[in-house]
Q: 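Sharing a structure, written as structure tokens. Questions coming.
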Amino acid sequence: MENYNFRQIEIKWADRWVGEKIFTPDLKSAKNPFYALFMFPYPSAEGLHIGNFYAFTSVDVMAKYKKLKGYDVFEPIGFDAFGIHSENYALKIGETPAAMLARTIANFRRQLSSAGLGCDWTRVVDTTTPEYYKWTEWIFTKLFEKGLAYQKEALLNWCPSCKTVLADEQIEGGVCERCKTQPVKKTMKQWFFKITAYAQRLLDGLDSMDWSDITKYAQRNWIGRSEGAIVKFTIADCRLPIKVFTTRPDTLFGATYFVLAPEHGIIRELKPHIKNWDEAEKYIKEAGAKSDLERTENKEKTGVKLEGVYAVNPVNDEKIPVFIADYVLTGYGTGAIMAVPAHDARDYDFAVKYNLSIKEVVRHMNEENQNANLKMQNDNLKFKNIIKNDADNCFAGEGISINSGFLDGLTTAEAKEKMIAWLFKKGLGERKVNYRLRDWCISRQRYWGPPVPVVYCAKCGTVAVPEKDLPVVLPEMKKGWEPAGDGRGPLAKVESFMKTVCPKCGGPGTREADVMDNFLDSAWYFFRYLSPADDKHIFEPELGKKWLPVDLYVGGNEHAVLHLMYTRFITMALKDLGLIDFDNPFKRFRANGMILKDGKKMSKSKGNVINPEEYGEKVGYDALKTYLLFLGPLSEDRSFTDAGVLGAKRWADKVARLSIKVNKDAKDDDAVTRKLHKTIRAVEADFEEQKYNTAIARLMEMTNVLTAAAGISQDTWNKFIILTAPFLPALAEELWSEAGHKESIFLNGVWPEYDEDLAREETIELVVQVNSRLRDKIMVPADISEEAAKETALKSEKLKKWTEGKEILKVIYIKGRLVNIVVKDSQ
RNA sequence: GCCCGGAUGGUGAAAUGGUAGACACGAGAGACUUAAAAUCUCUUGGCCGCAAGGCCAUGCCGGUUCAAGUCCGGCUCCGGGCACCA
């Protein structure tokens, strides 16, 4: 094929793959399953984004490679179409989400089907269909039964622009993850999933998971485990108990004051004892009006002393003053702290500002304490939560306890242990592990999502809708579906929806007006792919046994603590329901880097958005996909350039042109055969590690070798085409059929086996070094013995200059590589 | 502040402790062509040198080693995660 029409070929083969169901496996009879998954797209109006396409591609080449290797490959596709994203866009263009999505999904299907991905188009999932969200709701009811879905009143993030509450994970850098609006704090009664019940399991699981490290670290940070103790203080006079969490129980003797978060419940109870109540109340109101971002932006700490109120330190019965200050957070620990200004930077700042006493109870380590120091290092292996944030005049590190009664002389680690034991014995406290992770708020005061499947009944209370009545269908709203902002979902206005009967007693009932978070839709979609039409099960159990967990998953790391953590949580919950027997939904997950344009993030406002379709038409999808993968390793960010795309296109053309050199009588010389087998070996190794960039480089090298060859044998040619097929699928198919094959190249597991003997070089270049500097290169037989190699090296003419008259100290031989002659340097 | 990454030619990047810069882009030269495009071939880290060759070179400073881009210690800068989280 001298000049080939890539566009025509790509369209032809994309059609045939779908039409002949080349990439549609029989899930039931599959012998050797491989489940390749990419993050299903949100079908935006702008169409397919290059970043998504890149992730799809990196899954797709692996899928094709496995297919060529004879696996039964399942590479499904679907649409994450519910959610605020879709809804907001529909609002903007004045259309209902359903009408808008019909159009955008059709556009996505068109774009994706011409892109030559090996997707199974018979099991497409759309989260907005009742067949799908029936099971989203079902998951809710199951979690409800297990006590993992519950309602509570809590201080939540309310996005004034999206007019809904959001989960903590959806606040990024203090603003709404979606619209970048600063949320305000609101106390509301909402539905939560008890993800905190899985905190330790989510953390422990990470250790053995084959996921990108950046993803695992993000999750670890988010879960935020810290070890310490709960200590019971009491309020003097009224004897009200109040607990604090601390990671430094060893500094208990250094507590000189006590702080409550402004929202702490005990404040109301203390009201009669607070002499300056008006001042306190004013502060509480002001703090409540501030967003988290405003609270932290101003590093200057503020607070109000509660006059007449004292807390009693349980270790020494000292009465210490009590403050309200917003540097103590309601949601973390107990919402109250013992302040140790000598050893905590924040407490120190506050103490200086309000002129409070500072009592040192930990001494720095110095040389005299060598022994203690060594001991501490050992202890640290056990205690990982070392805190070091030295402020100007406070020491937050570890050391030796002083001024601390029975702790004096102990290292921090020892003192912690001893204090915890002491507290426990006296009933004044206990060991406690605390997590930063909070429960997942799933209520959204919006229209475009699956309804929360519960009925409120005056007699029976809150009742989950039973499985036989699912799904609770989202009613069609032509008008008034925009968010009201009054804290209730738009569904509240649909009387026919809201008014229902209690599933338990048959009496009058009211539905929940809120819908569920979009991240719940996407937390389980890969289960549904297996049997999207099954109306009896969330997924067909035998198929689950065969195909799950997913073998390879690729997507953006912006979902590390959103989608990817929620998914792990739901998977664990499904396991506890007895549906599956694994905790980790994805055997291997890889976070792909970002594709930048001119070194910058792509955005519509900058006008530097790359449309894959444009390049598909210009150079073809084979070339575009190859280029994206050739750009560098999967995990790194990198820049897209037009010149680079042309390089990939040039390679495809070059491969196509080689076919005219193929003829039946041609015999390959040994160099070609050797290169072929080395290439097979290298490409396989690269695929195992998803090093697509170097795999492509090896194939380019092979292409250059074939370009230089006089003729190419049919056998070598067939094998070479197969090797290129994951990257250049349409071209490979075309060349394969041109070579006389009737069936698709992807059908029969035709990947060639490499022959170690044929891959072996007969001669090698022996590097000769003197004092580790390259001085000569000599061609020698590959199987040369150590003695012969050393002898050859020492005889080298070029070496004379460097070794003459010098004493040879030793000769180092590295098999198949080099001889290094170490000589004594005469100065 | 804590936890992770990263830094290699003009550019994207390769490199089980063993020849730094594979492969590609860009650039330069040549062949083919009436010409151009396409294609093919060659050159292409820096400095010195007619050449042979030599020296320098993987962010910076040290160390381990016969040998360090790679391992260890200490920095600098860039990127990411968390962050008044007790």
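Letters go in sequence order (proteins before strands), and every chain restarts at 1.
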Q: Quick one: label A:N704 by what it contacts on the DNA or RNA (base, sugar-phosphate, nothing), any heavy atom closer than 4.0 Å.
A: sugar-phosphate
Q: With a 3.5 Å cut-off and heavy atoms only, can you find an N or O donor on one side and an acceptor on the other between the side chain of A:N820 and the base of B:C66?
A: yes
Q: Would you classify A:R773 as touching base, sugar-phosphate or nothing, given that sugar-phosphate means primed atoms plus P, OP1 and OP2, and contacts are heavy atoms under 4.0 Å?
A: sugar-phosphate
Q: How far does CZ of A:F53 sit from NZ of A:K625, to the nearest 0.5 angstrom?
A: 5.5 Å
Q: Rounded to whole Å, how long is the line connecting atom CD of A:E172 with atom C1' of B:G80?
A: 12 Å
Q: For B:C23 versus B:C42, give the span between their P atoms, rounded off to a whole number of Å.
A: 11 Å
Q: Of all the nucleotides listed (B:G18, B:G26, B:A86), which has the minimum atom distance to the side chain of A:R650?
A: B:G26
Q: With heavy atoms under 4.0 Å as the rule, sort A:R775 into base, sugar-phosphate or nothing.
A: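 Sugar-phosphate, backbone atoms only, no base.
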Q: Any base atoms under 4.0 Å from A:K801, or only sugar-phosphate, or nothing? Heavy atoms, all strands.
A: sugar-phosphate
Q: Starting the side chain at C-beta, find the nucleotide from B:A24, B:C66, B:C84 nearest to A:M700.
A: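 Per side-chain heavy atoms of A:M700, the pick is B:A24.
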Q: Can you tell me if A:N434 and A:S226 form a side-chain donor-acceptor pair at under 3.5 Å?
A: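 Short answer, no.
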Q: Which of these nucleotides, B:C85, B:A14, B:A24, is closest to any side-chain atom of A:R346?
A: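 Closest nucleotide among those given: B:C85.
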Q: What integer number of Å spans the P atoms of B:A51 and B:G45?
A: 16 Å
Q: If you look at every strand shown and take non-hydrogen atoms under 4.0 Å, does A:Y217 touch a base, only sugar-phosphate, or nothing?
A: sugar-phosphate
Q: Roughly, in whole Å, what's the span from CG in A:L437 to P in B:C82?
A: 13 Å
Q: May I ask you to check whether A:Y692 and A:F687 place their ring centers less than 6.0 Å from one another?
A: yes
Q: According to the Watson-Crick and G-U wobble definitions, with both distances under 3.5 Å, which nucleotide is paired to B:C77?
A: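 Pairing partner: B:G6.
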Q: How do A:N221 and A:T330 order along RNA chain B: which one's closest nucleotide is nearer the 5' end?
A: A:N221
Q: Under 4.0 Å, counting only non-hydrogen atoms across every strand here, what does A:A697 touch: a base, just sugar-phosphate, or nothing?
A: base
Q: Select one nucleotide: of B:G81, B:U39, B:C23, the one nearest the side-chain heavy atoms of A:E701.
A: B:C23
Q: What integer distance in Å separates A:D344:CG from B:A86:P?
A: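 The distance from CG of A:D344 to P of B:A86 comes to 9 Å, rounded to the nearest Å.
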Q: Hey, does A:Q769 reach any base, or is it just sugar-phosphate, or nothing, if we go heavy atoms under 4.0 Å?
A: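 It contacts base atoms.
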Q: Answer yes or no: side-chain N or O of A:R638 and base N or O of B:A13 forming a donor-acceptor pair under 3.5 Å.
A: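 No pair found.
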Q: Heavy atoms only, 4.0 Å cut-off, all strands: where does A:N557 land among base, sugar-phosphate and nothing?
A: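 A:N557: no heavy atom of the nucleic acid under 4.0 Å.
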Q: Where does B:G9 land, syn or anti, once you apply the within-90°-of-0 test for syn?
A: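 Syn, since the glycosidic angle lies within 90° of 0.
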Q: Base, sugar-phosphate, or nothing: which does A:G224 touch, judged by heavy atoms less than 4.0 Å apart?
A: nothing
Q: Counting side-chain heavy atoms from C-beta on, which of B:A86, B:U19, B:A22 comes nearest to A:V767?
A: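 Nucleotide nearest to A:V767's side chain: B:U19.
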Q: To the nearest Å, give me how far apart OH (A:Y332) and C1' (B:A86) are.
A: 7 Å
Q: In the structure shown, which nucleotide is the Watson-Crick or G-U wobble counterpart of B:G69, with both distances under 3.5 Å?
A: none
Q: Please work out if A:K216 contacts a base, only the sugar-phosphate, or nothing of the nucleic acid, heavy-atom cut-off 4.0 Å.
A: nothing
Q: Mind checking whether A:V61 and A:T626 have side chains closer than 4.5 Å, heavy atoms only?
A: no
Q: Kindly say whether the aromatic ring centers of A:Y327 and A:F350 come within a distance under 6.0 Å.
A: yes
Q: For B:C3 and B:G17, measure between their P atoms and round to the nearest Å.
A: 26 Å
Q: What contact category does A:V328 fall into here, base, sugar-phosphate, or nothing, at under 4.0 angstrom with non-hydrogen atoms?
A: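 Base contact - A:V328 has a heavy atom under 4.0 Å of at least one base atom.
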Q: Looking for any heavy atom pair under 4.0 Å, which part of the strands does A:I214 touch: base, sugar-phosphate only, or nothing?
A: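 Result for A:I214 = nothing.
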Q: As a test of reading the structure: which of B:G18, B:A86, B:G53 is closest to the side chain of A:I812, going by heavy atoms?
A: B:G18
Q: Determine the interatomic distance between P on B:C50 and the same-named atom on B:G62; round to the nearest Å.
A: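 Roughly 34 Å separates the two P atoms.
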Q: What is the distance from CE of A:M338 to P of B:C84, rounded to the nearest Å?
A: 20 Å
Q: Check the distance between B:G18's P and A:K815's NZ and give it to me in whole angstrom.
A: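 Whole-Å distance recorded here is 16 Å.
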Q: Given the P atoms of B:G74 and B:G81, what is the spacing between them in whole Å?
A: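 26 Å, rounded to whole Å.
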Q: Between B:G9 and B:U58, how far apart are the two P atoms, rounded to whole Å?
A: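 Their P atoms lie roughly 9 Å apart.
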Q: B:A7 and B:A57: how far apart are their C1' atoms, nearest whole angstrom?
A: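 It comes out at 15 Å once rounded to the nearest Å.
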Q: So does A:K691 get a side-chain nitrogen or oxygen closer than 4.0 Å to the phosphate oxygens (OP1/OP2) of B:A15?
A: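 So the side chain of A:K691 is within the cut-off, an N or O lying under 4.0 Å from OP1 or OP2 of B:A15.
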Q: Taking atom types as they are modelled, is there a donor-acceptor pair under 3.5 Å from the base of B:C66 to the side chain of A:K810?
A: no
Q: Does A:E765 reach a base, just sugar-phosphate, or nothing at all? Heavy atoms under 4.0 Å.
A: base
Q: Say we look at B:A29 and B:G6: how far apart would their P atoms be, to the nearest angstrom?
A: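 Nearest-Å result for B:A29 against B:G6 at atom P: 40 Å.
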Q: From B:A15, B:G53, B:C82, pick the nucleotide closest to the side chain of A:T694?
A: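 When the side chain of A:T694 is considered, B:A15 is the closest of B:A15, B:G53, B:C82.
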Q: Considering every strand shown, what is the Watson-Crick or G-U wobble mate of B:A24 when both distances are under 3.5 Å?
A: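 By the stated definition (distances under 3.5 Å), B:U11 pairs with B:A24.
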Q: Please state whether the base of B:U16 and the side chain of A:R817 form at least one donor-acceptor pair under 3.5 Å?
A: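 Per atom types, the contact qualifies.
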Q: Need to verify one output field. Residue with the more 5' nearest nucleotide on RNA chain B, A:T334 or A:S772?
A: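 Of the two residues, A:S772 wins.
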